[in-house]
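One structure is given below, encoded as structure tokens.
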Amino acid sequence: MKIPYAALCVIMVVILSEAHLTKAVTCSPQELSPCFAAFSSSAPPSSTCCSKLKEQKPCLCGYLKDPNFSQYVNSAKAKKIASTCGVQFPSC
């Protein structure tokens with residue numbers, strides 16, 4: 001069975017773009033420092049905060065399980081920030 005050249009090109013583009021999108025995330029609570037203003041005041045989260053929160057989403061369960069961070073990550077304020085940023089809060 002022969003695959004047309006154009007179809008092969010499309011498949012390669014999809015594979016390469018997915019590989020780029022699934023890059024490893026370094027879990028570091030310091031990456032969420034742009035969210036401090038929203039966390040410590042009534043200010044809405046900045047676009048940088050939301051970007052970092054989306055980037056760190058795979059790490060949120062780890063932060064929730066860490067006694068050093070769980071009280072902050074599991075707070076009503078953090079859940080509101082996540083909701084405003086369009087990040088679904090994990091149930092771990």
Side-chain angles (χ1 to χ4, degrees):
M1 179 169 115
K2 283 189 166 186
I3 298 174
Y5 181 74
L8 185 60
C9 288
V10 169
I11 291 170
M12 290 304 295
V13 167
V14 169
I15 290 171
L16 291 174
S17 65
E18 284 188 13
H20 176 71
L21 293 174
T22 58
K23 66 181 180 179
V25 173
T26 301
C27 293
S28 172
Q30 289 79 18
E31 291 292 316
L32 297 173
S33 63
C35 297
F36 182 74
F39 191 81
S40 61
S41 71
S42 60
S46 66
S47 60
T48 304
C49 168
C50 291
S51 294
K52 288 295 186 177
L53 189 57
K54 288 173 184 173
E55 179 184 289
Q56 291 286 301
K57 184 180 177 189
C59 307
L60 294 179
C61 282
Y63 300 155
L64 283 166
K65 293 174 184 174
D66 187 324
N68 295 313
F69 304 115
S70 62
Q71 65 182 352
Y72 304 108
V73 178
N74 204 26
S75 69
K77 189 75 168 181
K79 290 177 182 179
K80 182 178 180 186
I81 292 168
S83 175
T84 301
C85 290
V87 175
Q88 184 176 356
F89 204 78
S91 56
C92 308

Q: Locate the shortest heavy-atom distance separating Phe69 from Pro29; write the atom from each residue and the value.
A: CZ-CG, 3.4 Å

Spacing of [atom1] belonging to [X] relative to [atom2] belonging to [Y], to within rounding of 0.5 Å:
X	Y	atom1	atom2	result
Cys49	Lys54	SG	NZ	10.0 Å
Ser70	Tyr72	OG	OH	9.5 Å
Leu64	Cys92	CG	SG	5.0 Å
Leu53	Phe89	CG	CZ	9.0 Å
Lys57	Cys27	NZ	SG	13.5 Å
Lys65	Leu60	NZ	CG	11.5 Å

Q: Mark yes or no for whether Gln56, through its side chain, and Thr26, through its backbone, hold a donor-acceptor pair below 3.5 Å.
A: yes

Let me have the donor-acceptor pairs involving side chains of residues 30-41, under 3.5 Å, with sequence neighbours excluded, atom names and distances please.
{"unit_1": "Gln30", "atom_1": "OE1", "unit_2": "Ser28", "atom_2": "OG", "d": "2.8"}
{"unit_1": "Glu31", "atom_1": "OE1", "unit_2": "Lys52", "atom_2": "NZ", "d": "2.7"}
{"unit_1": "Ser33", "atom_1": "OG", "unit_2": "Gln30", "atom_2": "O", "d": "3.1"}
{"unit_1": "Ser40", "atom_1": "OG", "unit_2": "Phe36", "atom_2": "O", "d": "2.8"}
{"unit_1": "Ser41", "atom_1": "OG", "unit_2": "Ala37", "atom_2": "O", "d": "2.5"}
{"unit_1": "Ser41", "atom_1": "OG", "unit_2": "Ala43", "atom_2": "N", "d": "3.1"}

(Q) Once salt bridge (charged side-chain N to carboxylate O under 4.0 Å, His left out) is applied, what residue pairs with a partner in residues 80-92 remain, sequence neighbours excluded? (A) none

(Q) Please enumerate all residues that pass side chain to side chain donor-acceptor pair (under 3.5 Å) together with Ser42, with sequence neighbours excluded. (A) none

